[in-house]
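Comments concern the structure below.
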Amino acid sequence: MRRKLAAGNWKMNGDADLLDELATLTAGQGDDAPEILICPPYPFLAHAVALSDGSPVGVGAQDCHASASGAFTGDVSAPMIAEIGAQAVIVGHSERRQGHGESDADIRAKAEAVWAAGLTAILCIGESEEERLGNNTLDIIAAQLNASTPNGASADKLVIAYEPIWAIGTGRVPTLEQIIETHDMIRNELIERFGNEGAMISVLYGGSVKASNAAEIFTARNVDGALVGGASLKAADFQPIIDALQAS
Ligand code: PEP
């Protein structure tokens, strides 16, 4: 069985009060809950780890530096994230690729750093609207996947998140057929490169997932969960997505 994961990316939102939402979430999970992860901004990470301790909700960071330490003002390393008790790091989010000029090679190096620190990398890939309209989605995604993913990937340390850039924060979602087509391709690429392990690596869909569309998205084969932005900020919005994943 592949891991089913509902991951929330809080981006640069909120304040310490937002952690009340995490407390609500941790209190609301039953024994059969799927894997849940909340990725708050760095300043709230340690508090989030303390709040979620002993609950089925894990905590992750939204990015890290590729080096373990050094003269990198303003950056945070994967060993630091591991030391405070977080479990995962998002790498290659399109807001990092676009807003910070991160290349596939940069993201590959970050994923390697995440693994070296004993954490799971949630590695994001996704096409722009122009690429989608030009019928280049599958080529673009395959190229990103192969160039960003380090050798030696395994299901316990890698999760792929397919996030069409044009669907992030827009309320627009690909058709189910488009999601299936892309996720099938990702699965085939993972199997071709990593064999049986590639069959076990979870692949999330991300981009405007909400309570109203989650159940349908989770019917798609090779969709093992979701990376959720806006709808993960409030427990009342995120919980129905978790429930839909659990029911899928
Ligand atoms: C994201 O940024 O990873 C994301 C999926 O955002 P949203 O759910 O708000 O579209």
Side-chain angles (χ1 to χ4, degrees), residues 4-14 18 21-22 25 34-42 44-45 48 57-64 86-100 102 107 110-111 114 120-129 131-132 137 140-141 144-145 148 158-176 178-179 182-183 186 202-218 220 222-245 248:
K4 280 187 183 184
L5 173 63
N9 173 14
W10 283 3
K11 310 193 184 188
M12 198 175 72
N13 287 305
L18 199 60
E21 298 296 329
L22 176 58
L25 210 59
E35 210 178 317
I36 303 163
L37 189 76
I38 290 292
C39 301
Y42 289 133
F44 307 128
L45 270 181
V57 182
V59 173
Q62 299 172 17
D63 184 42
C64 69
Q87 287 125 29
V89 183
I90 299 172
V91 295
H93 192 283
S94 60
E95 287 154 15
R96 301 290 316 175
R97 288 179 184 263
Q98 292 189 321
H100 298 262
E102 292 186 5
I107 291 150
K110 289 183 180 206
V114 171
T120 297
I122 301 180
L123 196 160
C124 303
I125 50 180
E127 82 284 4
S128 66
E129 179 150 42
E131 289 162 345
R132 165 65 66 181
T137 298
I140 294 287
I141 297 302
Q144 278 183 19
L145 177 70
S148 310
L158 179 70
V159 171
I160 300 295
Y162 166 56
E163 299 206 303
I165 298 168
W166 52 274
I168 293 177
T170 60
R172 296 166 59 208
V173 176
T175 64
L176 200 58
Q178 288 171 328
I179 293 176
T182 312
H183 279 245
I186 292 170
S202 292
V203 183
L204 312 182
Y205 168 77
S208 295
V209 176
K210 16 185 200 303
S212 57
N213 59 21
E216 189 191 7
I217 291 170
F218 295 146
N222 287 316
V223 172
D224 303 305
L227 179 55
V228 183
S232 71
L233 290 170
K234 287 198 174 350
D237 294 334
F238 198 31
Q239 189 61 52
I241 296 172
I242 295 167
D243 293 343
L245 182 60
S248 69

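Counting convention: from 1, in listed order, for ligands and their atoms alike.
- Remark: the backbone N or O of E95 is paired with a side-chain donor or acceptor of H93 at under 3.5 angstrom.
- Residues that satisfy the side-chain contact (heavy atoms from CB on, under 4.5 Å) test with T137, not counting sequence neighbours, are E127, R132, I141, Y162, T182.
- Across V228, I217, T170, a single residue satisfies side-chain contact (heavy atoms from CB on, under 4.5 Å) together with S208, and that is T170.
- Every protein residue with a heavy atom nearer than 4.0 Å to ligand 1 is included here: N9, K11, H93, E163, A167, I168, G169, G206, G207, S208, L227, V228, G229, G230.
- In this structure E163 satisfies the salt bridge (charged side-chain N to carboxylate O under 4.0 Å, His left out) test with no other residue, sequence neighbours excluded.
- In terms of the ring-ring contact (aromatic ring centres under 6.0 Å, His included) criterion, Y205 has no residue partners (sequence neighbours excluded).
- Counting only distance, with no hydrogens or angles, the side chain of D224 and the backbone of V203 share a donor-acceptor pair below 3.5 Å.
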